[in-house]
Number of protein chains: 2
Amino acid sequence: MSQTVDRALSILPLLAQGPADLGQVAERLGVHKSTALRLLRTLHEHGLVYRQEDQRYRLGARLFALAQEAVENLDVREIAHSHLVALNDRCGHTVHLAVYEEQEVLYIDKVESRYPVRMYSRIGKPVAITVAAVAKLLLADLTEPERRVIAEKLDYPMYTPRSTPDAAAFLKELAVVREQGWATDLGGHEESINCIGAPIRGADGRVVAAMSVSAPNVVVTAEELLTLLPLVRRTADTISREYSGTNRPKKV
Amino acid sequence: MSQTVDRALSILPLLAQGPADLGQVAERLGVHKSTALRLLRTLHEHGLVYRQEDQRYRLGARLFALAQEAVENLDVREIAHSHLVALNDRCGHTVHLAVYEEQEVLYIDKVESRYPVRMYSRIGKPVAITVAAVAKLLLADLTEPERRVIAEKLDYPMYTPRSTPDAAAFLKELAVVREQGWATDLGGHEESINCIGAPIRGADGRVVAAMSVSAPNVVVTAEELLTLLPLVRRTADTISREYSGTNRPKKV
DNA sequence: AAGTTCGTTGCAACATATGCAACACCCATT
DNA sequence: AATGGGTGTTGCATATGTTGCAACGAACTT
């Protein structure tokens, strides 16, 4: 690995927390100010870092543009998008698409609910991994040891009384999800919001993404939401087939 | 500047266009494969780059997380957000917040319309700079030479017949906007969508952000939308005052 | 006007990144 | 099976590029 690059990249998460001046960056990086300056300059040239009027640095615009471009070029997303929109047309609720990557689950697409009550979520935002239906689906597909390692490492914030309380409960839930091929989140993240989700699989059968439909209690009860399950699963299967078509089975 | 970092960062926009394998990266970077490998590895360690199953590299999840965190920590956004929501409550239309940075204009917040017809835009997405109301507001505040330089450099895509056709027209429009203190986009980006916008100013009077309200013809006519102008301007002014309060005038 | 703090530059010493060549691996071909 | 082209990967010697220092400059405070 490259030390210089390593240091430069360490600046990014540091600035993500908020603007910082040269001295602070140098200190938190453990290098001389002049070194930090040159690194920041390079980052600046690439637009990843921006220098505001008060001379302090913060993350730059190109970072957003990059993230944006990247997410739009994801194969699954491209294929899934129109199906998600169609699903939203039929049921009216918020539809999410998420992927798992290096211990994180994140939304890569979202179609907003037709109803005025909206959920707080955003593309690129890390998902509440211990409770979200999509997270359960994605993690349930990992191997047993992988699941255990991750489950141990996670925090289990009690967003609501119905949140997953600990690793044991989470692993149990993952087993259920794995078994049944779909997942729910009934008020585990926000008291009044329920979700149902289904996995999207590649040609080799592995789960490559997960989708979910979310709706608040005030619009439909959990029971009513569950009646949509067949529709959601059908949509996910359709996307799976289309995705498998473009991505031939891996020859491993 | 640092050559190593420079090379490493050059990989990002390259991958933004789509996944690439080691050889391709090395070639487009003009370096030896082994060098490219080490750079990619470092990027990978920081989560900026992800290695998919077919061994090819693409941009990684942390990039989104970073962008997300950064945008949430922007002072203007934090202050403006509740006001944008309140405005949306009153008028029901889509509300945008945007900033200018290094020749680019981008959305940093958005409150979705209550109506089913939605606009395609996304936080972090570069704005259609030659036609959007927010872009006009932000650029209008630059100095005359700056405006000219940028106007010359831009492309003028004719999204619709009402799009800004060329640099001359754009500069003229900017002058008008600068004079009147508000801006519109009447079908210049999408035929059936109109926007009105107002600037948010810092304590020194400079425009730090711009906000806009967008609505499709099918919901309200352009004339009706314009009746919201006082409300939009008042909201922008309120945000300006609050923002100026936290960011004392620069002593230059 | 003197003193502090912060960003910036030139330079010499050294650590680090570089390209090479050889290796290991997978898949396709014969 | 064996061969060959295509990957990605490793160790190593060279020299290039990065580092920290110290000194400078600018802006703000006292």
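Numbers restart at 1 for each chain; the letters A, B, ... are given by sequence-line order, proteins then strands.
- Taking the side chain as every heavy atom from C-beta outward, B/Val95 and B/Ser212 never approach each other to under 4.5 Å.
- One side chain, B/Asp109 or B/His81, offers a donor N or O that lies under 3.5 Å from an acceptor on the other.
- One interatomic measurement links the two molecules: CD of B/Gln3 to C1' of C/dA17, which rounds to 9 Å at whole-angstrom precision.
- Interface residues of residues 12-32 of chain A facing DNA chain D, ordered by number: A/Val31, A/His32; criterion, heavy-atom separation under 4.0 Å.
- Considering only heavy atoms from C-beta on, A/Leu87 stays 4.5 Å or farther from A/Val111 through its side chain.
- Ion pairing between a basic and an acidic side chain is recognised when a charged N comes within 4.0 Å of a carboxylate O; A/Arg51 and B/Glu102 show no such pairing.
- Only B/Leu37, B/Arg41, listed by number, bring a heavy atom of residues 36-48 of chain B to less than 4.0 angstrom from any atom of DNA chain D.
- Checking each of A/Glu152, A/Glu144, A/Glu146 against A/Arg148 for a side-chain hydrogen bond (donor to acceptor under 3.5 Å, both in side chains) leaves exactly one that passes, namely A/Glu144.
- At a threshold of 4.0 angstrom between heavy atoms, the contacts of A/Arg56 with the nucleic acid are absent.
- Proximity of A/Leu48 to B/Leu12: side-chain heavy atoms (C-beta onward) are separated by under 4.5 Å at one or more points.
- At a cut-off of 3.5 angstrom, counting only N and O atoms as typed in the model, there is no donor on one side facing an acceptor on the other between the side-chain of B/Lys33 and the base of C/dG19.
- Heavy-atom contacts from other residues, nucleotides or ligands closer than 6.0 Å to CD of A/Glu179 number 12 or fewer.
- Here the C1' atom of nucleotide C/dT5 and the CG atom of A/Asp54 are 15 Å apart, to the nearest Å.
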Let me have DNA chain D in dot-bracket notation, would you? Count Watson-Crick plus G-U wobble pairs, both distances under 3.5 Å, and use [ ] for pairs crossing earlier ones and | for inter-strand partners.
||||||||||||||||||||||||||||||

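- Residue A/Thr4 has its side chain nearest to C/dT16 when only C/dT18, D/dC21, C/dT16 are considered.
- In this structure, A/Arg56 pairs ionically with A/Asp54, as a charged nitrogen and a carboxylate oxygen lie closer than 4.0 Å.
- Across all strands, B/Ser2 comes closer than 4.0 Å only to sugar-phosphate atoms, never to a base (heavy-atom distances).
- In summary, B/Glu27 and B/Lys33 do not engage in a salt bridge, as defined by a charged side-chain N under 4.0 Å from a carboxylate O.
- By the 4.5 Å heavy-atom criterion applied to side chains, A/Tyr156 and A/Phe170 are counted as neighbours.
- With salt bridges taken as basic N to acidic carboxylate O contacts below 4.0 Å, none links B/Arg178 and B/Glu173.
- Atom CD in A/Gln55 sits roughly 10 Å away from atom C1' in D/dA27 (whole-Å rounding).
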